[in-house]
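A quick note: this is a predicted structure, and the numbers were derived from the prediction, not measured.
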Amino acid sequence: MQPKLERQLTSNFDEFATYDDEDIEEADEEKPKSGMKDAGSPGLPPPRREVGKSPFRFLTGEATDIGGGHENQDKGMLFRCGQDDRVLVMGVFDGHGRELGELAALVARDFMREEIQKPEVIEAIEESPTATLEKLFLDAHNQIKLRFMDQFKKTNWQVTETDEGYLIKEMKQGGRITTVTNVHGGTTATVVIIFGGRRIIVANVGDSTALFGGRDKDGNIIVKELSGEHSPESEEEFVRVRDTQPSAEDSRYPKLRFVYDMFDKYQTPKHQCPKIFEVGQTSSTIKKTGTGYYFKNVRNEWATLVTTPPGARFQDALAFTRSLGDLHLHVYGVSHVPEVNEYDLSELHGSDDKQCSVMFVCTDGVWDNWKFEDIVEKTLEDSLIQKTLEGNDAQQLADKMMMENLKLAKHHFGSQADNMTGILCLVNPESY
């Protein structure tokens, strides 16, 4: 039997919205929200559609949509900075967690946007990208923790930090503690910085993918993922977590469980879901089991999780291995440290000066609905490109992409469609 395509919740503290399809259809007249009203910071210059001097001209657009949710936990940023506006910055942040997901994304986005605007920070990223971006992500992670603590000060919850570094909240009634739970919430973060129109630096935690797409000399669609993969199906991430947090029962495995997600009538605990990896007698022999239960996207990728072991004080799960926030899971090996990659745009684009290429920075509410080659081919249709170049602006192109995505999301996931946010950057050779 062919596995079903289902919307996967990012964590076990998320929930599906209760809206029905008619609610989404009635709201279509107001969607998508283009330009992301909160993408600009007070006192900062708004994003311009053409940035800097380089062999390429960049036309950008951005759009977001709430999908079937009751709040949009996605946040994005698009701006230029540096001398003569020579630096283009794009980023998306996909929050998760019922109470604090949107706050986590907002704090991370606002903090990074403010920091990257500082001349000394953008210079440090240019000179030492990995060290600087790792510190930036760590600082954003710590800012989220502080804001989480502040969030509960005006409530009846008492929040304290444990020795391990995560937060718990306690409710007291009649002088005694009646409820204890961990403070939950976090966000992905994918930041793309282009220096001088050619040097691309990408830093990310989580599954908000940055993608490059174009055509080869024969006109065939080519794609390249620019961001790192932090899926629980990544063998590299399995080994990373195992090396830092091995299981006391069996050191061939990490404390953190890597499993295929399940929906079943018995509500199987997440740590009892099928293992993703089987390890041989030697720790170097690692085999993927492939025993997934359902697909999370149209590329037929299995829905997977990392989850706390059965003896953990709180049961917790997440759909990727790196994030900002998610403080309890960080005790078991989830990491705030970004994967940093660098590219030369001239090499990605190739020598063809008669073809446009495109970059996307999007949350999984977009990527769940597309095969990568399909979204690139759709965006690079001649009629769309010509109209975009004539208007010297890619906002309409971004809006069209989001409308197409909304239709696909409703078809694939109905009222459970995820928040969706996308930034599009059309790369136009100056000689075009």
Side-chain angles (χ1 to χ4, degrees), residues 36-47 51 60 62 64 72-82 85-96 100-148 150 185-195 199-210 226-228 230 320 322-327 330 335-342 359 361-363 421-423 425:
M36 278 190 284
K37 293 180 180 180
D38 58 357
S41 294
L44 297 178
V51 182
T60 60
E62 59 205 342
T64 189
N72 193 339
Q73 296 185 331
D74 286 359
K75 303 299 169 189
M77 64 182 186
L78 171 61
F79 61 90
R80 83 239 183 253
C81 61
D85 299 332
R86 69 186 184 89
V87 182
L88 173 64
V89 181
M90 302 176 283
V92 293
F93 305 81
D94 183 354
H96 50 266
L100 299 172
E102 184 177 16
L103 179 63
L106 186 66
V107 170
R109 190 278 308 273
D110 288 355
F111 176 81
M112 289 198 185
R113 186 173 54 187
E114 182 177 351
E115 289 296 304
I116 294 173
Q117 291 280 340
K118 297 176 180 177
E120 64 272 20
V121 174
I122 200 67
E123 289 174 9
I125 293 173
E126 188 170 18
E127 293 177 6
S128 304
T130 298
T132 306
L133 286 163
E134 284 182 354
K135 182 179 185 304
L136 187 66
F137 275 60
L138 171 60
D139 291 345
H141 178 71
N142 289 331
Q143 285 293 315
I144 289 171
K145 180 190 290 189
L146 292 174
R147 287 293 297 276
F148 281 3
D150 289 342
T187 184
T188 70
T190 300
V191 178
V192 178
I193 305 173
I194 306 178
F195 289 94
R199 183 187 181 197
I200 305 173
I201 296 173
V202 182
N204 78 290
V205 293
D207 63 355
S208 297
T209 301
L226 305 179
S227 48
H230 300 150
F320 31 83
R322 303 195 195 193
S323 71
L324 302 180
D326 297 304
L327 305 169
H330 277 67
S335 177
H336 62 267
V337 178
E339 189 165 345
V340 180
N341 293 289
E342 187 168 338
M359 282 183 284
V361 188
C362 304
T363 62
T421 296
I423 296 175
C425 177

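Expressed to the nearest 0.5 Å, how far SG of Cys362 lies from CE of Met90 amounts to 10.0 Å. Note that NZ of Lys75 and OG1 of Thr187 are 10.0 Å apart. Values are rounded to the nearest 0.5 Å.
A pairwise comparison of heavy atoms in Cys81 and Gln117 identifies CB-OE1, 4.0 Å as the closest pair. Of all non-hydrogen atoms in Ala210 and Ser227, the two that sit nearest each other are N-OG, 2.9 Å. Between Gly101 and Gln73 the shortest heavy-atom distance is CA-NE2, 3.8 Å. Residues Ala104 and Ile144 approach most closely at O-CD1, 3.7 Å, considering heavy atoms. Smallest separation of non-hydrogen atoms from Ala189 and Leu324: CB-CD1, 3.9 Å.
With hydrogens and angles ignored, the 3.5 Å screen pairs no side-chain donor or acceptor of His141 with any backbone N or O of Ser335. Distance alone, capped at 3.5 Å, places no donor-acceptor pair between the Asn341 side chain and the Val202 backbone. Counting only distance, with no hydrogens or angles, the side chain of Thr188 and the backbone of Phe93 share no donor-acceptor pair below 3.5 Å. Judged by distance alone, the side chain of Arg113 and the main-chain N or O of Gly91 form no donor-acceptor pair under 3.5 Å. No donor-acceptor pair closer than 3.5 Å links the side chain of Ser208 to the backbone N or O of Thr190.
Contact of the Ile200 side chain with the Met359 side chain is registered, since non-hydrogen atoms from C-beta on lie closer than 4.5 Å. Side chains of Leu133 and Ile201 form a contact here, defined as non-hydrogen atoms less than 4.5 Å apart. Under the 4.5 Å side-chain criterion, counting only non-hydrogen atoms from C-beta, Glu102 is not in contact with Asn72. Counting heavy atoms from C-beta outward, Arg147 and Phe111 have side chains that stay 4.5 Å or more apart.
For the residue pair Thr421 and Asp74, a side-chain donor N or O sits within less than 3.5 Å of a side-chain acceptor on the partner. Under the 3.5 Å distance criterion, with hydrogens and angles disregarded, no donor-acceptor pair is assigned to the side chains of His336 and Asn142.
In terms of the ring pair (Phe, Tyr, Trp, His ring centres under 6.0 Å) criterion, His230 has no residue partners (sequence neighbours excluded).
Checked options Val121, Val107, Asp139, Leu136; the residue passing with Met112 is Leu136 (criterion: side-chain contact (heavy atoms from CB on, under 4.5 Å)).
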